[in-house]
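Only one structure is covered here, and it is reproduced in the block below.
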Amino acid sequence: YRLYFTAVNTSGVTTFGTSTTTQDANKQPVNASWTTPTRLTFTVSGFNSGGVSHPSVIKDGVTDRMYCTGTDSGGAKSIGYSTSADALAFSAPGTQILTAGSPGTFDANGVKDPTVWQVSGTDYRMIYTGISTVDGRTTERLGYATSANGSTWAKASPGLLLDASLAPFSFDELGVG
């Protein structure tokens, strides 16, 4: 098993780490044997100059594909993509693949937290969190996107997969994600 995670330092800067473990007879991770976490290093700039977070990694043949949230220097969030041949040395997640929607859409203020899976060789799917403002408050909702190659993505139409209730005092009043 290989685990990828968001690491945060004392200055609040986010990056990625990884750790591995073996599996037991039931094909479950052996929690007592995780390796010491290793920081994944790469150069950030542009859409992710303020940090990266929430990695989602899939194995596609011999290539590992990492999808992640990138935050720019102004705090805007979008989704980026990088690849690796060894699950450790990823190309800088400098390829922005999904951005904020048009004004008035559920993801008008940004996109983040991708979860990606491959259904077949030419069918990739992503659930992500869309950010918008409703009545002056930040609201998060789940969106859906698809790809034929894992690197070029299109938001589904309609792209809104799961909406916040916006009902006062409900558990999901301001968001789902």
Side-chain angles (χ1 to χ4, degrees), residues 1-23 28-60 62-101 106-118 124 126-133 136-143 145 147 150-151 153 162 164 171-177:
Y1 286 90
R2 178 171 296 279
L3 172 71
Y4 294 93
F5 56 89
T6 301
V8 184
N9 70 16
T10 56
S11 300
V13 176
T14 57
T15 190
F16 298 131
T18 187
S19 181
T20 60
T21 190
T22 57
Q23 66 183 17
Q28 298 298 310
V30 178
N31 289 326
S33 67
W34 286 98
T35 60
T36 301
T38 303
R39 179 180 180 197
L40 300 178
T41 57
F42 44 81
T43 304
V44 295
S45 63
F47 89 95
N48 61 12
S49 61
V52 290
S53 61
H54 301 94
S56 177
V57 180
I58 63 171
K59 185 78 161 174
D60 185 4
V62 296
T63 303
D64 293 287
R65 296 175 180 265
M66 178 187 287
Y67 303 89
C68 66
T69 300
T71 304
D72 70 15
S73 59
K77 296 188 182 312
S78 57
I79 295 173
Y81 162 77
S82 63
T83 60
S84 173
D86 66 3
L88 291 172
F90 282 88
S91 58
T95 303
Q96 187 179 39
I97 58 169
L98 210 60
T99 59
F106 78 96
D107 58 359
N109 293 5
V111 295
K112 64 179 188 168
D113 309 340
T115 299
V116 175
W117 67 100
Q118 184 178 12
Y124 299 79
M126 176 192 301
I127 293 176
Y128 66 93
T129 302
I131 309 164
S132 64
T133 303
R137 300 184 298 177
T138 299
T139 304
E140 297 184 354
R141 301 169 170 125
L142 291 180
S147 173
S151 57
W153 289 81
L162 185 61
F171 78 100
D172 63 345
E173 175 181 4
L174 293 180
V176 294

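A quick note: this is a predicted structure, and the numbers were derived from the prediction, not measured.
- Thr35 contributes a side-chain N or O that, together with a main-chain N or O of Thr20, makes up a donor-acceptor pair within less than 3.5 Å.
- Between the side chains of Thr83 and Asp64, no donor-acceptor pair of N or O atoms lies under 3.5 Å.
- A donor-acceptor pair is defined here as one N or O able to donate and one able to accept, closer than 3.5 Å; such a pair exists between the side chain of Ser49 and the backbone of Ser73.
- Considering CG of Asp60 and CZ of Arg65, their distance stands at 4.5 Å, rounded to 0.5 Å.
- Listed here is the closest heavy atom pair of Cys68 and Ser53: CB-O, 3.6 Å.
- Using modelled atom types, no side-chain atom of Thr69 and backbone atom of Ile79 make a donor-acceptor pair closer than 3.5 Å.
- Under the 4.5 Å side-chain criterion, counting only non-hydrogen atoms from C-beta, Thr6 is in contact with Pro55.
- To the nearest 0.5 Å, atoms OG (Ser147) and CE (Met126) are separated by 8.0 Å.
- The backbone N or O of Gly75 lies less than 3.5 Å from a partner atom in the side chain of Asp72, making a donor-acceptor pair.
- At a threshold of 4.5 Å between non-hydrogen side-chain atoms, the residues Lys112 and Glu140 count as touching.
- Thr14 contributes a side-chain N or O that, together with a main-chain N or O of Val52, makes up a donor-acceptor pair within less than 3.5 Å.
- For Gly80 against Phe47, the heavy-atom pair with the smallest separation is CA-CZ, 3.5 Å.
- No side-chain heavy atom of Ser19 sits under 4.5 Å from any side-chain heavy atom of Tyr1.
- Judged purely by atom type and a 3.5 angstrom limit, Asn9 uses its side chain to pair as donor or acceptor with the backbone of Val13.
- The OG1 atom of Thr139 sits 12.5 Å away from the CG atom of Asp107 when rounded to the nearest 0.5 Å.
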Decide side-chain contact (heavy atoms from CB on, under 4.5 Å) for Asn48 and Gln96; before the verdict, give the C-alpha distance in whole Å, the side-chain angles of both, and the deciding distance to 0.1 Å. CA-CA 9 Å; Asn48 61 12; Gln96 187 179 39; over 6 Å; no
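- The shortest side-chain heavy-atom distance between Val116 and Trp153 falls under the 4.5 Å cut-off.
- Here the side chain of Tyr4 pairs a donor or acceptor atom with the backbone of Ala87 at under 3.5 angstrom.
- Aromatic ring pairs are classed by plane angle as parallel below 30°, tilted from 30° to 60° and perpendicular above 60°; the pair Tyr81 and Tyr67 is tilted.
- With values rounded to the nearest 0.5 angstrom, Ser132 atom OG is found 8.5 Å from Phe106 atom CZ.
- Using a 4.5 Å heavy-atom threshold, the side chains of Thr129 and Leu142 count as touching.
- When side chains are defined from C-beta on, Leu3 counts as touching Trp34, because their heavy atoms get closer than 4.5 Å.
- When all heavy atoms of Ile131 and Thr138 are compared, the pair lying nearest together is CG2-CG2, 3.7 Å.
- Side-chain N or O atoms of Thr21 include one that pairs as donor or acceptor with a backbone N or O of Val30 at under 3.5 Å.
- Rounded to the nearest 0.5 Å, atoms CG (Leu174) and CZ (Arg137) are 4.5 Å apart.
- To the nearest 0.5 angstrom, Arg2 atom CZ is 4.0 Å from Thr18 atom OG1.
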